[in-house]
2 protein chains.
Amino acid sequence: MNPDTDEEPGLPPDGRSRVVIEGVAPAIDGGRYPVKRVVGDALRVEADIFCDGHDALTAVVQYRFHTDEAWREVPLEPLVNDRWRAEFTVDQIGNYEYRVLAWVDHFVSWHRDLRKRVAAGQAARVDLQIGAQLVERAASNAGGQDQHRLLNWVRRLRSDEVLGHLDQVCEDPELGQLMGRHASRDFATSSGATSSGPALRVHVDRERARCSAWYEMFPRSCSDTPGAHGTLRDVIARLPYVAEMGFDVLYLPPIHPIGITFRKGKNNQTIAQPDDVGSPWAIGGAEGGHKELHPQLGTWEDFDRLVSAAGELGIELALDIAFQCSPDHPYVAAQPGWFRQRPDGTVQYAENPPKKYQDIYPFDFETPQWSSLWRELKSVFDFWIARGVKIFRVDNPHTKPFGFWEWCLGEIHREHPDVLFLSEAFTRPKIMYRLAKLGFTQSYTYFAWRNTKTELTEYATELTTSEAREFFRPNFWPNTPDILTEHLQLGGRAAFMARVALAATLSANYGVYGPPYEHQWCVPREPGSEEYLHSEKYELHHHDLGRPDSLKEFLSRLNRIRREFAVLRTNETLRFHPVDNEQLICYSKATADGNQIILVIANLDPHHRQAGWVELPLEELHLEADHPFQVHDVLSDARYLWHGSRNYVELDPAIVPVHILHVKRRVRSERDFEYYL
Amino acid sequence: MNPDTDEEPGLPPDGRSRVVIEGVAPAIDGGRYPVKRVVGDALRVEADIFCDGHDALTAVVQYRFHTDEAWREVPLEPLVNDRWRAEFTVDQIGNYEYRVLAWVDHFVSWHRDLRKRVAAGQAARVDLQIGAQLVERAASNAGGQDQHRLLNWVRRLRSDEVLGHLDQVCEDPELGQLMGRHASRDFATSSGATSSGPALRVHVDRERARCSAWYEMFPRSCSDTPGAHGTLRDVIARLPYVAEMGFDVLYLPPIHPIGITFRKGKNNQTIAQPDDVGSPWAIGGAEGGHKELHPQLGTWEDFDRLVSAAGELGIELALDIAFQCSPDHPYVAAQPGWFRQRPDGTVQYAENPPKKYQDIYPFDFETPQWSSLWRELKSVFDFWIARGVKIFRVDNPHTKPFGFWEWCLGEIHREHPDVLFLSEAFTRPKIMYRLAKLGFTQSYTYFAWRNTKTELTEYATELTTSEAREFFRPNFWPNTPDILTEHLQLGGRAAFMARVALAATLSANYGVYGPPYEHQWCVPREPGSEEYLHSEKYELHHHDLGRPDSLKEFLSRLNRIRREFAVLRTNETLRFHPVDNEQLICYSKATADGNQIILVIANLDPHHRQAGWVELPLEELHLEADHPFQVHDVLSDARYLWHGSRNYVELDPAIVPVHILHVKRRVRSERDFEYYL
């Protein structure tokens with residue numbers, strides 16, 4: 001038989017590591033990508049942990065902030081079927097690492113077996129000797145008082161008297177506690193997603209990553225004077241309007257110089273008139289590119305004032321970063337290598353054959369000069385971050401390489417972990433998820449086109465219960481400057497109310513493009529189009545904010561309700577409930593203890609009154625079947641007394657098509673209407 | 001702006017790799033373990049493949065036998081939602097590697113766009129120039145005739161006449177074929193389970209890994225003379241009996257010397273009588289250990305004759321490898337370091353407190369001498385492999401470290417890829433799956449305790465449709481020397497017939513422990529026990545193989561049917577079908593084209609006649625709703641004419657509790673009973 005000293009190829013470094021760790025969750029793509037949390041969140045970690053034979057195991061989750069050296073740890077508790085679970089709280093913005101550590105715990109095995117032996121009247125001295133050996137080893141790892149106490153235990157276990165007091169050895173908690181701190185962890189297995197993997201990661205954002213209410217508007221349409229080109233000063237003057245509605249992110253389309261060559265006219269006409277203002281997404285002119293302000297919007301001083309004035313009202317500015325150039329962008333001349341050159345010497349413009357977009361030059365990400373291009377694009381974010389912008393809405397990220405985003409967002413998050421990115425990728429599902437994995441904080445979604453109860457239920461359930469919820473934060477928009485859905489075109493005021501109420505309560509992140517939303521703009525450029533007629537993308541508008549039909553008061557209420565009820569500020573507890581009417585949708589968000597329950601019921605039919613019976617899972621919501629409970633519509637302030645699991649609702653789109661009900665548990669009596677909660 | 005030459009930490013090696021490959025399947029635990037196939041199988045590979053923007057992609061699966069240098073490849077075809085699929089065949093025993101390679105295919109994009117441009121009447125000369133550049137580059141990669149033809153295309157694309165023949169450029173398949181062979185694969189992404197992972201693996205076994213019929217028997221009970229200790233020569237004499245029943249694996253419990261110290265008596269009594277033969281699993285005596293024959297069984301010459309005689313009858317010998325020692329095993333004295341020493345100087349015996357198994361010494365896998373122990377244990381397999389044994393049933397593998405099995409089975413498979421291992425791990429699900437991932441070819445299962453329709457359906461569905469089917473090959477045993485289930489104890493002959501028919505048709509691998517199975521041994525050691533009274537584990541038996549009540553003919557029929565119908569030799573197509581009677585279970589195995597359909601219907605109630613209506617998915621089975629079809633019971637040779645999707649069945653346990661129906665499609669007329677198939 002061979003000697004044991006030689007290391008043999010194929011043999012593991014130490015064959016005595018007997019514990020297996022599998023299926024660690026959460027772990028996105030085997031740990032390739034971090035999961036996402038916000039400050040103060042708990043991260044629940046689960047893993048399959050087992051070993052050969054019948055020995056007892058001990059397992060911990062170890063975690064640390066990325067700049068820390070030392071690991072903190074929290075014990076894993078066994079569930080069923082070899083699944084274990086632990087939880088820890090992340091309290092700093094930035095990246096954490098976590099991993100699972102598990103080992104065969106000979107002391108716990110010994111103690112467990114000793115109890116069985118004692119119960120069967122066995123427990124010979126030799127078993128106690130074995131225990132004493134284990135404790136003695138732990139004592140040699142310990143110091144101070146603990147060492148002293150462990151050595152006391154060694155003496156006890158080796159003494160004759162102990163045989164008469166075996167119950168004490170079995171029941172005294174001290175020995176177990178001491179051993180828990182100092183017992184050997186020999187041959188422990190450490191694990192990321194798989195036994196051999198690296199540590200897993202969690203990216204911790206600030207709170208606004210998870211809950212935000214966005215308001216998009218065109219600065220150039222902000223002037224109080226009809227026909228005048230709005231300025232950043234006008235935006236400052238508009239801030240109280242936005243703040244009163246309760247939005248906390250003000251998102252501006254690109255504010256850079258706009259190209260003149262091949263400029264698009266009103267309604268996206270190919271030929272612009274001399275006074276046409278052009279699309280803000282045709283970025284770059286003689287005055288500069290992505291790091292310059294459009295001269296008509298104002299000065300850097302105005303911009304800085306806007307950032308601080310917004311901040312004073314609790315509003316953060318979000319800028320639109322669109323990595324594309326007008327033919328007049330300074331990059332085109334200065335960096336011809338960043339664009340694809342055609343054989344005829346011209347620059348390749350954007351195309352979707354047979355359509356041509358000659359006003360836009362895309363970057364050529366296959367250029368040999370890709371690394372200078374990447375660095376320059378990242379520097380655009382850096383530039384605006386230095387000017388105080390911490391939120392970016394990124395235009396069409398799915399038309400730039402995934403590798404670029406992973407690098408760019410990773411570098412920025414390393415330097416500025418509080419910066420948030422909203423991905424404007426209206427594209428295929430796996431691409432949207434990939435961008436989220438790579439570092440985008442939030443993402444646009446298909447919400448705008450999910451109208452039926454089935455569509456809404458399936459989509460929101462996927463987003464909130466599949467693995468996607470660990471990395472993909474949806475941001476629900478009922479409209480954008482590019483998206484005027486058929487439902488809004490045809491549904492009238494009720495559709496506008498219902499859609500924004502759904503967005504604001506289904507998703508903790510939501511947004512609207514206004515004032516067209518408040519004013520219920522619903523006329524498409526042509527039948528079948530989702531473009532607005534006289535879209536603000538191509539022309540100035542003047543908005544009369546005092547219009548009596550404005551939904552601004554309704555939006556204010558929604559945002560007030562979101563601020564009042566914490567359960568609406570996360571998606572974790574979203575659950576759908578049956579209603580016996582296809583046009584009525586019902587869902588709840590509730591704390592696990594039932595102390596806060598919000599129930600939303602919406603009429604999806606903008607034209608007709610709809611009624612039906614809602615079915616609630618009383619037990620899950622901690623509601624008592626035998627007691628009536630009050631539901632308070634925090635939108636309309638109406639109150640209803642409900643009984644049992646089935647209750648009647650009726651919603652008239654001509655009034656308000658939505659109930660947002662605060663469910664108050666346990667009415668003391670129907671007469672005096674006093675609440676315990 | 002920075003120069004492009006410097007490599008920057010954080011930047012990828014080449015940012016121009018734009019294609020993403022995700023979710024490659026099959027990939028067990030992210031590719032940590034190989035999937036399993038047998039020679040001649042197709043491996044279907046799927047992956048999510050996409051890139052930024054709108055460029056066309058080309059993707060291939062590359063694969064090679066582990067000793068090959070060069071990769072072979074097969075194109076992936078897009079399905080929906082960015083999922084792609086390809087298939088290749090594995091035709092050698094051993095390990096294959098596979099990976100996915102994908103790249104942006106500028107030629108395919110250009111050709112696609114050209115067709116759109118031509119359709120819209122565009123196609124300017126400059127587009128043709130761009131195409132000519134792509135073709136020219138490909139020509140420089142090509143040689144010989146292909147290069148010549150590609151250069152011809154370059155000339156055509158650059159000529160004036162081509163403008164009049166754009167349709168030809170769009171439609172001529174030659175250019176696409178040439179470019180498919182030679183176009184650039186610049187910036188291709190290669191992938192195992194994740195974008196950055198290593199190649200995935202598939203372990204290819206011989207056919208018997210997937211389909212085998214096992215027969216277990218005790219050699220010492222094989223003597224024709226009542227009371228005499230059977231020998232290997234008696235086993236040779238017994239081979240025709242086994243072969244006539246159609247089994248192809250003959251599995252013998254351990255054939256090594258049996259310990260005397262603490263030997264167990266009949267019915268597992270603690271004190272053995274002088275003439276008690278002991279348990280074959282108490283391995284090792286003065287005569288030797290795991291590499292020695294029990295003297296009473298015969299000589300090495302007998303053993304070699306047994307191996308070859310079995311082979312001549314199409315039967316392979318399977319040995320039982322149990323890594324544990326009797327106190328008399330030579331290892332105990334020669335290698336005290338491989339056992340745990342107690343403080344009183346004795347060797348630690350097996351325990352499950354308060355129970356003690358003093359006749360068994362387990363190995364101490366936490367010994368510092370673990371590597372010499374591992375090597376010695378592996379050498380036990382090597383020893384028997386050298387004597388012609390290629391199948392091992394491994395006793396209690398879950399009480400030895402997982403790391404040991406991964407190393408041991410990996411090494412043996414590297415040297416002897418045709419060796420098969422059956423895992424006897426009756427333990428928790430994740431442990432059983434882990435052992436399969438580590439290299440066990442087949443595994444025992446919970447089948448013995450799955451009796452109701454729901455239990456059988458759920459369990460078989462999990463095994464055949466979950467990811468487990470990629471690595472876990474179930475072997476269904478209705479009984480073993482350790483397992484006499486309550487169902488068999490109480491169910492009589494009908495239970496024995498039904499249970500083995502279920503085992504043999506639900507699972508391509510199955511086995512019985514005989515002759516107690518044929519003879520329907522059903523008496524437990526005591527009520528509530530699953531041990532046999534007078535178990536062969538502790539005493540000799542004499543079996544009268546001519547008993548008129550023997551099920552040997554029934555077993556012969558089952559094995560004959562399995563040989564006749566290939567669909568029964570895999571589990572891939574198993575599907576359950578509704579029957580409106582809880583005691584009747586119905587399932588099919590069928591080829592995808594419907595050319596072979598086997599339908600099994602079993603009465604799970606061993607006491608009463610049961611009848612009901614079976615509901616078949618006609619379309620899936622390629623059966624026509626308007627035509628009657630014949631079902632031929634290949635067990636009883638009865639034939640029935642069935643119509644439509646619902647048909648009546650009736651099974652009397654007093655006769656045969658099972659139909660195994662060969663479904664014959666399309667009866668030409670009811671009268672003349674002629675079949676197309």
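Numbers restart at 1 for each chain; the letters A, B, ... are given by sequence-line order, proteins then strands.
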Peer 1: Taking all atoms of both residues into account, what is the closest heavy-atom pair of A:F402 and B:D52, and its distance?
Peer 2: CE1-N, 3.4 Å
Peer 1: Which distance, rounded to the nearest 0.5 Å, do you find between the CG of B:D364 and the CZ of A:R16?
Peer 2: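 One gets 9.5 Å once the value is rounded to the nearest 0.5 Å.
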Peer 1: For chain B, which of A:S17, A:A120, A:C51, A:A119 has the most heavy-atom pairs under 4.5 Å?
Peer 2: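 So the answer, after comparing A:S17, A:A120, A:C51, A:A119, is A:C51.
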Peer 1: Check whether any side-chain heavy atom of A:K437 lies under 4.5 Å from a side-chain heavy atom of B:E22, and answer yes or no.
Peer 2: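 The answer is yes, as the side chains (C-beta and beyond) meet within the 4.5 Å cut-off.
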Peer 1: As an exercise: rank B:K400, B:K116, B:K430 by heavy-atom pairs under 4.5 Å with chain A and give me the winner.
Peer 2: B:K430
Peer 1: Examine whether an atom of B:T367 lies under 4.5 Å from a heavy atom of chain A, and if so say whether it belongs to the side chain, the backbone or both; otherwise answer neither.
Peer 2: backbone
Peer 1: Looking only at heavy atoms, which two atoms of B:W407 and A:G10 are closest? And how far apart?
Peer 2: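 Closest pair (atom of B:W407, atom of A:G10, distance): CD1-O, 3.3 Å.
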Peer 1: Under a 4.0 Å N-O cut-off, is there an ion pair linking B:D82 with A:R428?
Peer 2: yes
Peer 1: Between A:R434 and B:D48, is any pair of side-chain heavy atoms under 4.5 Å apart?
Peer 2: no
Peer 1: With a 4.5 Å heavy-atom cut-off, do A:D344 and B:R125 have their side chains touching?
Peer 2: no
Peer 1: Can you tell me which portion of B:V104 sits under 4.5 Å from chain A's heavy atoms? Options are side chain, backbone, both or neither.
Peer 2: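 Answer is side chain: those atoms of B:V104 sit under 4.5 Å from chain A.
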Peer 1: Below 4.5 Å from any heavy atom of chain B, which atoms of A:E406 appear? Answer side chain, backbone, both or neither.
Peer 2: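 No part of A:E406 comes within 4.5 Å of chain B.
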Peer 1: Among B:R83, B:Q122, B:Q133, which residue has the highest count of heavy-atom pairs closer than 4.5 Å to chain A?
Peer 2: B:Q122
Peer 1: Do you know which of A:H106, A:Q129, A:R115 has the most heavy-atom pairs with chain B at a distance under 4.5 angstrom?
Peer 2: A:H106
Peer 1: Please classify the contact between B:Q348 and chain A as side chain, backbone, both or neither, with a heavy-atom cut-off of under 4.5 Å.
Peer 2: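 For B:Q348, the contact with chain A is made by the side chain alone.
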Peer 1: Counting heavy-atom pairs closer than 4.5 Å to chain B, which one of A:R342, A:H398, A:E366 comes out on top?
Peer 2: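 If we count pairs closer than 4.5 Å to chain B, A:E366 comes out on top.
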Peer 1: With only heavy atoms counted, which part of B:K356 is less than 4.5 Å from chain A, the side chain, the backbone, both or neither?
Peer 2: side chain
Peer 1: Given a strict heavy-atom distance threshold of 4.5 Å, which part of B:N396 is in contact with chain A: side chain, backbone, both, or neither?
Peer 2: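 Nothing of B:N396, per the 4.5 Å heavy-atom cut-off to chain A.
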Peer 1: Quick check on the interface: out of B:N352, B:V126, B:D127, B:D113, who has the most heavy-atom pairs with chain A under 4.5 Å?
Peer 2: B:V126
Peer 1: Side chains of B:F187 and A:P401: does their closest heavy-atom pair fall under 4.5 Å?
Peer 2: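 No, every pair of side-chain atoms sits at 4.5 Å or beyond.
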Peer 1: So which of A:P429, A:G403, A:G15 has the biggest tally of heavy-atom pairs under 4.5 Å with chain B?
Peer 2: A:G15
